[in-house]
Engineer: 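Structure below; questions to follow.
Just so we're on the same page: letters track the sequence lines, and every chain starts at 1. Computation of the quantities below employed the complete heavy-atom set of this structure, encompassing side-chain atoms and omitting hydrogens, waters and symmetry-equivalent molecules.
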Amino acid sequence: MRMSELFSRTLREAPNGADCKGYEYLLRAGFIKQLAAGVFDLLPMGLRSIRKVEAIVRDEMEKIGAQEVLMPLVNPGDIWKETGRFYSIDREMSRFKDRNDRDMVLAMTHEEAATDMARAEVDSYKRLPQLFFQIQTKWRDDPRPRAGLIRVREFTMKDSYSFDKDQEGLEKVYKAHYDAYFRIFHRCGLPVVAVGSDSGMMGGKVAHEYMYLAPIGEDTIITCDKCGYTANRQVARFTKKCHQEEMKKIEKVSTPDAKTIDDLCSYLKIKPEMTAKSLFMIGAFINDRNGKEEDKLIIGVIRGDMDIEENKLQNACKANSLRPAREEEIVANGVIPGFGSPIGASKNVVVVVDDSVSGSSNLVAGANESGFHYLNTNFGRDYDGIVADIASAATGYACPECGAPLTCSKGVEVGNIFQLGVRYSEAMGCYFQDEQGVRKPVIMGSYGIGIGRLLACLAEEYNDDNGLALPVSVAPYQVQLVSLVKDEAIAEKMYSDLQNAGIEVLFDDRKESPGVKFSDADLIGLPVRLTLGNRSLKEGKVEMKLRSNLNETNMLDISDLVSEVKDCISKLQKPLS
RNA sequence: CGGGUAGUAGCGCAGGGGCUAGCGCACUUGGUUCGGGACCAAGGGGUCGGUGGUUCAAAUCCACUCUGCCCGACCA
């Protein structure tokens, strides 16, 4: 490609709102352009990179036996009603009516469509297992898109769906994805870690996320450096020490103005782990009788030295969604904020108690009376509720596997894999007959990779003060040919020789000053740079540099150019294969 | 959905009741320059986000609204 003919131009200044470097350079180098909040144009350079990522993904998916399909972005609302997600997913899913007043949705994922395809094809164990994938647009009306391509509303995703006759088959295809994903990220050059994760709206039990660890990440990853335990904070476990002793008699004490755990502890001269604190949320629950959604107050009870992980709380009480409770909603259930606890609260509330509280004795808790707390409260004797792990892991807490201190880091989720089980197949009637003629639901898995987000992470990982430096496997072109000489014929010949040898070249043939050309070459950051200038040309040579190390120059004989460049590209490619 | 902030040329910004709306980059033409974002000269490009109002007069003041960005809520 000739830069004189290239559609996009480089920008000298970053457009407003480019808050991280990777995003800024993608904009400035002319890879992408924002059209609306969380909606982006892919310009020619950006699309070339995306196509390379897709090719790697496609190759690895085909290697594990996945067949490519394409399911529509627009789905009939009916299949989403079959699984209930038409109702359980809030405004993040966009809906519209067609001309005949039928409910339609813009698919934010394709479990329903995939299950629909499978139920038509799969009737016998002989037709299983099946695995297919697609690379397709998703629409999720995120309330707050940000950070360029990291968090967008419209995006391309590779998603695959597996169908098995038993758990063993699911685990096999799950493992195949687990490994294939590492190969995909490796070939793209993105360092990732796989962490145990929550299955969220997807349902199912076992799930992993692939995290690119970086400060721009919005997920918190809990890691044990000693034994390698890693998990998303949403599900991360840790070992809790509980203090048990004989139950003492409950006793009400005056604690004026002690509305926080800190106040309470200094007033009573006790440690936070001797208290139980309560968090009040409103959860939306589906009523089993009439299928309608109704709000209930949830009291999450945790020991004073820890915090509640809302995701764990939501899972423990099986609420559809959670939000913080307003003061009047708390009071309406007989609870006094600041002095609140489940003791004496209305029977309508859902009480979820962390196992640190149920396992500890004689904790101080609110008396639901302004200015009073109870001493020596005990779960089971003084109040009841669901017992679960609802505590949020934090730096320094003990690893659940080995006891070493845990650390926190930030990460971006670039891929995920879920063992779905029978959630969708049962709901949508995707059944098969086994060897004994018994009708069973197909066991499913689903597996995603955010293609654009992957590129955004690569841009974040591979840049310096002057621009991008994408790995050769995903860079839009392999070589940037910078011509500084007046004699066009020689540069033209180099350009066509390289192209004829199958090398992808971006040829800067513009009538620009050397400074402009070098700066743009840095910004776009193609892995190999060839500079043709009078200095070297006199000796029949051309300069070759790597974007990753601009300080080192190789002088090549023009006669050896093609073979040298090919050699260099394959050297760069080697660690990525 | 709350809180903040902004919308003036392709991009980055200035102007803040008054006569022809400005600057840098980018763009066009001519010339000089030519290994790290060159220089000179001459040009082109604007419904000042939109609607309504106040006023002799609105980019400027007021109201409403749309859109972007940041923080939070939210997020497979």
Engineer: If we count only N and O atoms by modelled type, under 3.5 Å, do the side chains of Glu209(A) and Asn416(A) hold a donor and an acceptor together?
Structural biologist: no

Engineer: Mind checking if Gly448(A) touches a base, just sugar-phosphate, or nothing, with heavy atoms under 4.0 Å?
Structural biologist: nothing

Engineer: Applying side chain to side chain donor-acceptor pair (under 3.5 Å), can you list everything that pairs with Lys541(A), at least two apart in sequence or on another chain?
Structural biologist: Asp557(A)

Engineer: In chain order, what residues pass the salt bridge (Lys or Arg N to Asp or Glu O under 4.0 Å) check against Arg510(A), with sequence neighbours excluded?
Structural biologist: Asp508(A), Asp520(A)

Engineer: Using a 3.5 Å cut-off and no angle test, enumerate the donor-acceptor pairs between side-chain atoms of residues 30-47 of chain A and protein atoms at least two apart in sequence or in another chain.
Structural biologist:
residue: Gln34(A); atom: OE1; partner: Tyr23(A); partner atom: OH; Å: 3.3
residue: Gln34(A); atom: NE2; partner: Ala36(A); partner atom: O; Å: 2.9

Engineer: So, does the side chain of Arg28(A) form a donor-acceptor pair with the base of rG37(B) at under 3.5 Å?
Structural biologist: yes

Engineer: Listed by chain and number, what are the side chain to side chain donor-acceptor pair (under 3.5 Å) partners of Lys81(A), not counting sequence neighbours?
Structural biologist: Asp103(A)

Engineer: Give the nucleotide from the list rG37(B), rG72(B), rG24(B) with an atom nearest to the side chain of Thr10(A).
Structural biologist: rG37(B)

Engineer: Between Gln419(A) and Gln167(A), do the side chains contain an N or O donor and an N or O acceptor separated by less than 3.5 Å?
Structural biologist: yes

Engineer: Using the C1' atom on both, measure rG24(B) against rA38(B) and round to a whole Å.
Structural biologist: 16 Å

Engineer: Side chain to side chain contact (heavy atoms under 4.5 Å, CB included) with Met428(A): which of Glu111(A), Arg423(A), Arg119(A)?
Structural biologist: Arg119(A)

Engineer: With no hydrogens and no angle check, do the side chains of Gln136(A) and His110(A) hold a donor and an acceptor under 3.5 Å apart?
Structural biologist: no

Engineer: Expressed as a whole number of Å, how far does the C1' atom of rG49(B) sit from that of rA57(B)?
Structural biologist: 23 Å

Engineer: Which nucleotide, rC27(B), rG36(B), rC1(B), lies nearest any side-chain atom of Arg9(A)?
Structural biologist: rC27(B)

Engineer: My understanding is that only residues two or more places apart in sequence, or in another chain, count here; which of them pass salt bridge (Lys or Arg N to Asp or Glu O under 4.0 Å) with Asp179(A)?
Structural biologist: Lys175(A)

Engineer: Would you mind reading off the distance between Asp141(A) atom CG and rC1(B) atom P, rounded to a whole angstrom?
Structural biologist: 11 Å

Engineer: Could you tell me how far rC48(B) sits from rA73(B) if I compare only their C1' atoms? Round to whole Å.
Structural biologist: 35 Å

Engineer: Between Gln234(A) and rC75(B), is there a contact of a side-chain N or O with OP1 or OP2 at under 4.0 Å?
Structural biologist: no

Engineer: Not counting sequence neighbours, which residues clear side chain to side chain donor-acceptor pair (under 3.5 Å) with Asp307(A)? List them please.
Structural biologist: Lys277(A)

Engineer: Tell me every residue that passes side chain to side chain contact (heavy atoms under 4.5 Å, CB included) with Leu561(A), counting only those two or more places apart in sequence or in another chain.
Structural biologist: Met494(A), Leu498(A), Leu530(A), Val542(A), Leu556(A), Val565(A)

Engineer: Would you indicate what Glu310(A) reaches in the nucleic acid, counting non-hydrogen atoms under 4.0 angstrom: base, sugar-phosphate, or nothing?
Structural biologist: sugar-phosphate

Engineer: It should be established whether Arg146(A) places a side-chain nitrogen or oxygen under 4.0 Å from OP1 or OP2 of nucleotide rG68(B).
Structural biologist: no

Engineer: Quick one: does Glu512(A) reach the base of rG36(B) with a side-chain donor-acceptor pair under 3.5 Å?
Structural biologist: no

Engineer: For atom P, what is the distance between rG36(B) and rC69(B), given to the nearest Å?
Structural biologist: 38 Å

Engineer: So if I take every side-chain heavy atom of Arg144(A) and compare against rG35(B), rA73(B), rC75(B), which nucleotide ends up nearest?
Structural biologist: rA73(B)

Engineer: Round to a whole Å and report the spacing from NZ of Lys511(A) to C1' of rG30(B).
Structural biologist: 16 Å

Engineer: Does Asp142(A) or Arg91(A) map to a spot on RNA chain B nearer the 5' end, using the closest nucleotide for each?
Structural biologist: Arg91(A)

Engineer: Could you tell me how far apart Asp41(A) (CG) and rG10(B) (C1') are, to the nearest whole angstrom?
Structural biologist: 14 Å

Engineer: Under the side chain to side chain donor-acceptor pair (under 3.5 Å) rule, collect the residues that match up with Glu552(A), sequence neighbours excluded.
Structural biologist: Asn549(A)

Engineer: Identify all pairs in which a protein N or O lies below 3.5 Å from an N or O of nucleotides 2-6 of chain B, and state each distance.
Structural biologist:
none

Engineer: From the list rC74(B), rG24(B), rG35(B), which nucleotide is the closest neighbour of the side chain of Leu484(A)?
Structural biologist: rG35(B)

Engineer: For the residue pair Tyr174(A) / His208(A), report whether a side-chain donor-acceptor contact shorter than 3.5 Å exists.
Structural biologist: yes

Engineer: How does RNA chain B look in dot-bracket form if you count Watson-Crick and G-U pairs under 3.5 Å, write [ ] for pairs that cross, and put | where a base pairs with another strand?
Structural biologist: ((((((((.[[[[.)..(...]]]].((((((.....)))))).....[[[[[..)....]]]]])))))))....

Engineer: Under 4.0 Å between any heavy atoms, over every strand shown, what does Tyr210(A) touch: base, sugar-phosphate, or nothing? Just pick one.
Structural biologist: nothing

Engineer: Any N/O pairs under 3.5 Å between the protein and nucleotides 38-45 of chain B? List them or say none.
Structural biologist:
residue: rA38(B); atom: OP2; partner: Ser513(A); partner atom: OG; Å: 3.4

Engineer: Whole-Å distance between rC11(B) P and Leu523(A) CG?
Structural biologist: 17 Å

Engineer: Touch check for Arg510(A), heavy atoms < 4.0 angstrom, all strands: base, sugar-phosphate only, or nothing?
Structural biologist: nothing

Engineer: Nearest-nucleotide wise, let me know which of Gly38(A) and Lys517(A) is further upstream toward the 5' end of RNA chain B.
Structural biologist: Lys517(A)

Engineer: How long is the line joining CG of Asn551(A) and P of rG36(B), in whole Å?
Structural biologist: 15 Å

Engineer: Write down the distance separating the P atoms in rU29(B) and rU8(B), rounded off to the nearest Å.
Structural biologist: 28 Å

Engineer: Quick one: label Ser536(A) by what it contacts on the DNA or RNA (base, sugar-phosphate, nothing), any heavy atom closer than 4.0 Å.
Structural biologist: base

Engineer: When rounded to the nearest Å, what value does the distance between C1' atoms of rU47(B) and rC56(B) take?
Structural biologist: 23 Å

Engineer: For the side chain of Gln34(A), counting heavy atoms from C-beta on, which of rA26(B), rC69(B), rG36(B) is nearest?
Structural biologist: rC69(B)

Engineer: When you get a sec, tell me which of rG68(B), rG35(B), rC34(B) is the closest nucleotide to the side chain of Ala36(A)?
Structural biologist: rG68(B)

Engineer: Measuring only the C1' atom in each nucleotide, how far is rG16(B) from rG22(B)? A whole number of Å is fine.
Structural biologist: 13 Å

Engineer: Using atom types as modelled, flag every donor-acceptor pair under 3.5 Å from a side chain in residues 448-464 of chain A to any protein atom, sequence neighbours excluded.
Structural biologist:
residue: Arg453(A); atom: NE; partner: Ile150(A); partner atom: O; Å: 2.7
residue: Arg453(A); atom: NH1; partner: Glu413(A); partner atom: O; Å: 2.7
residue: Arg453(A); atom: NH2; partner: Ile150(A); partner atom: O; Å: 3.0
residue: Glu460(A); atom: OE1; partner: Gly22(A); partner atom: N; Å: 3.0
residue: Glu461(A); atom: OE1; partner: Tyr212(A); partner atom: OH; Å: 2.7
residue: Tyr462(A); atom: OH; partner: Gly189(A); partner atom: O; Å: 2.4
residue: Asn463(A); atom: ND2; partner: Ala459(A); partner atom: O; Å: 2.9
residue: Asn463(A); atom: ND2; partner: Glu460(A); partner atom: O; Å: 3.1
residue: Asp464(A); atom: OD1; partner: Asn466(A); partner atom: N; Å: 2.8
residue: Asp464(A); atom: OD1; partner: Gly467(A); partner atom: N; Å: 3.2
residue: Asp464(A); atom: OD1; partner: Arg547(A); partner atom: NH2; Å: 2.8
residue: Asp464(A); atom: OD2; partner: Arg547(A); partner atom: NH1; Å: 2.7
residue: Asp464(A); atom: OD2; partner: Arg547(A); partner atom: NH2; Å: 3.4

Engineer: C1' atom, rC70(B) versus rA63(B): distance in rounded Å?
Structural biologist: 26 Å

Engineer: Would you indicate what Pro143(A) reaches in the nucleic acid, counting non-hydrogen atoms under 4.0 angstrom: base, sugar-phosphate, or nothing?
Structural biologist: base

Engineer: Whether the side chain of Asp520(A) and the base of rG37(B) hold a donor-acceptor pair under 3.5 Å is what I'd like checked.
Structural biologist: yes

